[in-house]
**Q** 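Dumping the structure here so I can ask a few things about it.
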Amino acid sequence: MSKIKMTTPIVEMDGDEMTRILWKMIKDHLIEPFVELNTKYYDLGLEYRAKTNDQVTIDAANATKEYKVAVKCATITPNADRVKEYNLKEMYKSPNGTIRAILDGTVFRAPIVVKGIEPCVKNWKKPITIARHAYGDVYKGVEMKVAGPGKAELVYTDKEGNITKELIHNFEGDGIIQGTHNVTSSIESFARSCFNYALDIKQDLWFSTKDTISKKYDHTFKDIFAEIFENEFKEKFAAAGITYFYTLIDDAVARVMKSEGGYIWACKNYDGDVMSDMISSAFGSLAMMTSVLVSPAGYFEYEAAHGTVQRHYYKHLKGEETSTNSVATIFAWSGALRKRGELDHNKELEDFANRLEEATLKTIESGKMTKDLALITSLPNPVVLNSEDFIKEIAKSL
């Protein structure tokens, strides 16, 4: 049969470890037999990031600005152990953090719901979408170890040279310091992205911070959301029959557990990182969650919300069989291809993306799945498939 044509490329960002292995399998079995794939390829594997001093990550983000749509494999954010393992010159920052800062968007993460995989929280009936701010806080943090007694201060110098200071701490011994920041323009983009997304999918929006403790930093987030909602979105929300709700992060966690789901929960950068893993795991698996970075400028970057599956990769290197769940990575590809189709008015490509997702879910619902899902499914006598055979089974359905 003739392959589906792509008129505009998508930016392809390859990654690390087991997800890199799955990336090639997905392309080989699920995409390239059906689509004349057109991508601008960037290798974000840790070795090549180190070779280019992380310039490749910046280049990939800028290419996304040019082509509007990107798909990204999971990547390693190195810690001290990884610096030794890969003989790195420095501890490079999170590639996701770098990309998000350049694109200035909001990450929306939602569980992939499939029959036979019931949520751990029994009253959750509908998906919960996490909207994660994609700039700043600890991901752009500056850190310092304190060697002994001394005074630490927060210092701001304006353009005229005027200095404002705040005491951080009088150290009596060793310690650590971290400086974090955010910018008003990014918080405003975050708020508008969340309000617009809520209107698009007709769901209530929650937003939570810890403004009772962080009376300037977190309170600024709360105030910006409130102002933009009152001035720009209040009437639109009322017309759509949806609501905006603010609460403290700890109160939100308690409310989430007692809810039925079916809303968007907006969180600051770190809160969204943690809570999206909780939501995905409670709905079934960390590998069962979609993730898309949406920029107000019209850029879209699709990725799996989980890590590189390091333990399975080491088994793979030893020649041992793995049963690694590739669903989130498949849905990253389908999301990017669908969006490319929408932007290019390429219905064939859109339809293919929809069929790829349908084939993936039908494979699981037929009782054929990876080990992580077989351990929690309510379906009788599931067939456990290895990493590649699961993808091949989806290809048959496709």
**Q** Under 6.0 Å between ring centres, would you say that holds for Tyr244 and Phe237?
**A**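 Distance test on ring centres: not under 6.0 Å, no.
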**Q** Between Lys396 and Glu393, is there a salt bridge with N-O shorter than 4.0 Å?
**A**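 A salt bridge links Glu393 with Lys396.
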**Q** Trp333 and ring-ring contact (aromatic ring centres under 6.0 Å, His included): which single residue from Tyr302, Phe352, Trp23 fits?
**A**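 One option only clears the test, and that one is Trp23.
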**Q** Which atoms form the tightest heavy-atom contact between Gly141 and Thr180, and what is the distance?
**A**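 Closest pair (atom of Gly141, atom of Thr180, distance): CA-CG2, 4.5 Å.
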**Q** By ring-ring contact (aromatic ring centres under 6.0 Å, His included), which residues pair with Phe171, not counting sequence neighbours?
**A**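 With sequence neighbours excluded, Phe171 shows a ring-ring contact (aromatic ring centres under 6.0 Å, His included) to His169, given in chain and number order.
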**Q** With the threshold set at 4.0 Å, does a side-chain nitrogen-carboxylate oxygen contact exist between Lys362 and Glu365?
**A**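 Not counted as a salt bridge, because no side-chain N and carboxylate O are separated by less than 4.0 Å.
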**Q** Salt bridge check: are Glu350 and Lys347 linked by an N-O gap of less than 4.0 Å?
**A**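 No salt bridge links Glu350 with Lys347.
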**Q** Below 4.0 angstrom, N of the basic side chain to O of the carboxylate: do Glu66 and Lys40 qualify?
**A**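 Salt bridge absent between Glu66 and Lys40.
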**Q** Could I get the full list of side-chain hydrogen bond (donor to acceptor under 3.5 Å, both in side chains) partners for Ser193, not counting sequence neighbours?
**A**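 Residues passing side-chain hydrogen bond (donor to acceptor under 3.5 Å, both in side chains) with Ser193: none at all.
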**Q** Which atom pair, heavy atoms only, marks the closest approach of Thr308 to Ile76?
**A**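 Closest approach of Thr308 to Ile76, heavy atoms only: CG2-N, 3.8 Å.
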**Q** Verify side-chain contact (heavy atoms from CB on, under 4.5 Å) between Leu103 and Lys65, making sure each step is shown before the conclusion.
**A** CA-CA 7 Å; Leu103 298 183; Lys65 285 184 171 183; 3.8 Å; yes
**Q** Of Tyr270, Phe207, Phe190, which meets ring-ring contact (aromatic ring centres under 6.0 Å, His included) against His133?
**A**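 Of the listed options, the one satisfying the test is Phe190.
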**Q** Could you check whether Asp218 pairs with Lys268 (Lys NZ or Arg NE/NH1/NH2 to Asp/Glu carboxylate O, under 4.0 Å)?
**A**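 A salt bridge links Asp218 with Lys268.
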**Q** Which is it for Thr64 and Glu301 under the side chain to side chain donor-acceptor pair (under 3.5 Å) test, yes or no, and what are the steps along the way?
**A** CA-CA 8 Å; Thr64 305; Glu301 184 239 337; over 6 Å; no
**Q** Any donor-acceptor pair under 3.5 Å linking the side-chain atoms of Asp59 with those of Gln55?
**A**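 A donor-acceptor contact under 3.5 Å links the two side chains.
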**Q** Provide the closest heavy-atom pair for Met18 versus Ser387 in the form atom of the first, atom of the second, distance.
**A**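 Scanning both residues, the minimum pair turns out to be CE-OG, 4.1 Å.
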**Q** Is it the case that Asp372 and Thr370 place a side-chain donor and acceptor less than 3.5 Å from each other?
**A**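 Yes.
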**Q** Using the six-membered ring wherever Trp is involved, compare the ring planes of His181 and Tyr135 and label them parallel, tilted or perpendicular (cut-offs 30° and 60°).
**A**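 It falls in the perpendicular class, over 60°.
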**Q** Assess the residue pair Glu143 and Ile176 against the criterion (side-chain contact (heavy atoms from CB on, under 4.5 Å)); give the C-alpha distance rounded to whole Å, side-chain angles, the decisive distance to 0.1 Å, and a yes or no.
**A** CA-CA 7 Å; Glu143 300 174 325; Ile176 47 176; over 6 Å; no
**Q** Is it true that Asp250 and Lys210 make a salt bridge, defined as a side-chain N closer than 4.0 Å to a carboxylate O?
**A**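 Counted as a salt bridge, because a side-chain N and a carboxylate O are separated by less than 4.0 Å.
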**Q** Got a sec, which residues hit ring-ring contact (aromatic ring centres under 6.0 Å, His included) with Phe233, two or more places apart in sequence or on another chain?
**A**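 Residues passing ring-ring contact (aromatic ring centres under 6.0 Å, His included) with Phe233: Phe195.
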**Q** Is any side-chain heavy atom of Thr106 less than 4.5 Å from a side-chain heavy atom of Tyr197?
**A**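 Result no, sub-4.5 Å side-chain heavy-atom pair not found.
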**Q** Could you check whether Arg82 pairs with Asp16 (Lys NZ or Arg NE/NH1/NH2 to Asp/Glu carboxylate O, under 4.0 Å)?
**A**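 No, this pair does not count.
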**Q** Is the shortest distance from a Lys or Arg side-chain nitrogen in Asp43 or Arg20 to a carboxylate oxygen in the other one below 4.0 Å?
**A**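 Answer for the salt bridge query: yes.
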**Q** Is there a side-chain contact (heavy atoms from CB on, under 4.5 Å) between Arg132 and Cys267 once you walk through the steps?
**A** CA-CA 5 Å; Arg132 175 185 171 188; Cys267 297; 5.6 Å; no
**Q** Which of these, Tyr246, Tyr263, Phe225, sits in a ring-ring contact (aromatic ring centres under 6.0 Å, His included) with Trp206?
**A**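 Going through Tyr246, Tyr263, Phe225 one by one, the ring-ring contact (aromatic ring centres under 6.0 Å, His included) with Trp206 is satisfied by Tyr263 alone.
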